[in-house]
> 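I'd like to ask you about the structure that follows.
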Amino acid sequence: MVDLRLLEKNFDEVAKRLRTKGVEEKLLAEIKELFETYKKEKRALEELQAKQNSLSKLFGQYKREGKDINELKEELEINKAKIAAHQEVVRDLQEKLNNLALQIPNPPDPDVPIGKDEEDNVEIKRVLEPKKFDFEPKEHWELGEKLGWIDFERGVKLAKSRFSVLKSTAARLERALINFMLDHNRSYGFEEVCTPFLANSATLLGTGQLPKFADDLFKIEDEDLYLIPTAEVTLTNLYRDEIITDLSSPIKLTAYTPCFRKEAGSGGKDVRGMIRQHQFDKVELVAITKPEESDKVFEEMVECASSLLTKLGLPHRYMMLCTGDLGFSAAKTIDLEVWLPGQGKYREISSISNTRDFQARRAKIRYKEGKKNLLTHTLNGSSLAVGRTLIAIMENYQQKDGTIAIPKALEPYM
RNA sequence: GGACAGGUGGGUGAGCUGGCUGAAACCACCUCCCUGCUAAGGAGGCGUACCCAUUGCGGGUACCGAGGGUUCGAAUCCCUCCCUGUCCGCCA
């Protein structure tokens, strides 16, 4: 959530940064004005309440002393009506303010390149050279069907389109990758966690999926529960509404979960193959840090994910997302894109974001600094989407005879 | 899913015949005093959010699971929901 007081005090600065993310200044001005009105009305209400409280106290006293209370009672009743009317106004303002404020994305960091969409993302560096094939490399779906590794038709039969079934070596590879990643992350100091795969609306609100992106979530009928779109949701919300007494070193967590996304609005994109599914496995990294430490931990997380790809021998590149391509909650994001020889393209396989205090403010995640309670920073990153890693291995390790070699690093896990 | 019992501050736990209770007491924690170290002892402090004032102390509102209601006034009474415990049913 945007910091309303910062918006009030530093309007031009905040508005300028938000404009690069496509937020209209008019909306911001509206919010600012609403905030000021709200404060004014709230204060008026509090004065009326103060009056009511002190007169009520008198009332009790008069009664005990046997004094006449009729006049006082009348005054209290009038004041009570005023309070009720005012309360309505304040509640209304608050609701409006809240609804608007929750729609505002996180302002980008000043060093994020300004741009419109993914075309304007900036490549930072490449790791590992793509290998030269002495034959035409195939795409993963072709390999997958031929080898009996991926069954797309039956996935559709069981659920619907954008679901698939992994079989034999692919199924084992999937499991091996999960274990491999979790072990790797542990060596980077991330504590392994196993969370629920369903979460309630307060949880989704905390990390920013709700209220704005409800269309992309699978909801359980008649329950306040959603299938999680990423473990970021549950990991970050572990500390929702808490004041962390000791944050002298950052909290670093990792978890494997399946992720569920409706992929609303991506109709027609990546329909073929396993790139974009309604359900996929992911190992996630989350960190909760003091503000002054989040940049350092961000670098660590990028490094952690990248070294995973390096260990697997998968060529990849770092992309700094431009302002226009940044997610709703992120102030800064680096995507890792893996080389897919079949497609002849780099494709996103990991996304690491610093949300600064944006999620912490929504989820009320704070820590003690002396006597004060301050908002933490929260960070999240995929330590690789497992399905896409599987695809990358298939395409990069394919051989002329159509079989697929297993990366050395995975051998102990198979 | 059914029956009963509960949900109070970091913890334990009083208050629950409505006003003097934002909340006793104890523990934990912090500061100071005492002490050769440790232990013990003594004095004080110790919830959260927001608003006002800030030269100085400070002042106000809200919060006792959540939301409604009754009342001049509710942690205390009523309703709904959520959660926890125990027993029964069901089940991996």
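Numbered from 1 within each chain, the chains take letters A, B, ... in sequence-line order.
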> Send over the distance from A:I69 CD1 to B:G73 P, rounded to a whole Å.
13 Å
> For B:C50, does either OP1 or OP2 sit under 4.0 Å from a side-chain N or O belonging to A:R5?
yes
> Distance between the P atoms of B:G89 and B:G10, in whole angstroms?
39 Å
> Roughly how many Å apart are B:A14 and B:G6, using the P atom of each and rounding to a whole number?
12 Å
> Using purine N1 to pyrimidine N3 plus N6-O4 or O6-N4 for Watson-Crick, or N1-O2 and O6-N3 for G-U wobble, both under 3.5 Å, which nucleotide pairs with B:U86?
B:A3
> Tell me whether the rings of A:Y38 and A:F35 are parallel (<30°), tilted (30 to 60°) or perpendicular (>60°).
parallel
> With rounding to the closest Å, how many angstrom separate the P atoms on B:C78 and B:A5?
13 Å
> Can you work out whether A:I243 or A:Q49 has the more 5'-proximal nearest nucleotide on RNA chain B?
A:I243
> Measure CD/A:Q94 against C1'/B:A49 and give the value in whole Å, please.
11 Å
> Would you kindly give the CD-to-P distance between A:E242 and B:A49, to the nearest whole Å?
14 Å
> For a quick check of understanding: with a heavy-atom distance under 4.0 Å over all strands, which category does A:K63 fall into, base, sugar-phosphate or nothing?
base
> Using a 4.0 Å heavy-atom cut-off across all strands, classify A:K368 as base, sugar-phosphate, or nothing.
sugar-phosphate
> Could you state the CD-P distance from A:E65 to B:G19, rounded to the nearest angstrom?
17 Å
> Side-chain N or O of A:K73 less than 4.0 angstrom from OP1 or OP2 on B:U71?
no
> Send over the distance from A:N200 CG to B:G65 C1', rounded to a whole Å.
14 Å
> Write down the distance separating the C1' atoms in B:A25 and B:U84, rounded off to the nearest Å.
25 Å
> Taking NZ from A:K40 and P from B:C52, how many angstroms apart are they, rounded to a whole number?
13 Å
> Tell me whether A:K290 is salt-bridged to A:E369, with the criterion being a basic N under 4.0 Å from an acidic carboxylate O.
yes
> At under 4.0 Å between heavy atoms, what does A:D224 touch on the DNA or RNA strands: base, sugar-phosphate, or nothing?
nothing
> Could you check which of B:U71, B:G19, B:G60 has an atom nearest any side-chain atom of A:A50?
B:G60
> On RNA chain B, check which nucleotide each of A:K42 and A:S54 is closest to and give me the residue with the more 5' one.
A:K42
> Taking the minimum atom-to-atom distance to the side chain of A:R366, which one of B:A62, B:A49, B:C50 wins?
B:A49
> With both distances under 3.5 angstrom, what nucleotide forms a Watson-Crick or G-U wobble pair with B:A53?
none
> Considering every strand shown, what is the Watson-Crick or G-U wobble mate of B:U17 when both distances are under 3.5 Å?
none
> For B:G9 and B:U48, measure between their P atoms and round to the nearest Å.
13 Å
> Applying the Watson-Crick and G-U wobble criteria at under 3.5 Å, what pairs with B:G41? Answer none if nothing qualifies.
B:C33
> Is A:N373 touching bases, backbone alone, or none of the nucleic acid, heavy atoms closer than 4.0 Å?
sugar-phosphate
> Any side-chain N or O of A:R43 less than 4.0 Å from the OP1 or OP2 oxygen of B:C50?
no
> Rounding to a whole Å, what distance do you find between A:E46:CD and B:G60:P?
12 Å
> Using a strict threshold of under 4.0 Å (side-chain N to carboxylate O), is an ion pair present between A:D68 and A:K73?
no
> Can you tell me which nucleotide in B:C72, B:U48, B:A62 comes closest to the side chain of A:E77?
B:C72
> Taking the side chain from A:R388 and the backbone from A:E348, do they hold a donor-acceptor pair closer than 3.5 Å?
yes
> Which whole number of Å gives the distance between the P atom of B:G68 and that of B:U31?
42 Å
> A:N98 has an atom CG; how far is it from atom P of B:A49, in whole Å?
17 Å
> Using atom C1' in both nucleotides, what's the gap between B:C57 and B:G69 to the nearest angstrom?
41 Å
> Would you call A:R17 and A:E13 a salt bridge, using N to O less than 4.0 angstrom?
yes
> Can a salt bridge be assigned to the pair A:K42 and A:E46 using a cut-off of 4.0 Å between side-chain N and carboxylate O?
yes
> Report yes or no: does A:N185 contribute a side-chain atom to a donor-acceptor pair with the main-chain N or O of A:F190 at less than 3.5 Å?
no
> Describe the nucleic acid contact of A:E47 in one word from base, sugar-phosphate, nothing, applying a heavy-atom distance below 4.0 Å.
nothing
> Are A:F328 and A:F358 close enough that their ring centres sit under 6.0 Å apart?
yes
> Distance check, C1' atoms only: B:G85 and B:C72, in whole angstrom units.
39 Å
> When all nucleic acid strands are considered with a 4.0 Å heavy-atom cut-off, which category describes A:K39: base, sugar-phosphate, or nothing?
sugar-phosphate
> Indicate whether OP1 or OP2 belonging to B:C72 is found under 4.0 Å from a side-chain N or O atom of A:N53.
no
> By the 4.0 Å heavy-atom rule, please label A:R91 as base, sugar-phosphate, or nothing.
sugar-phosphate
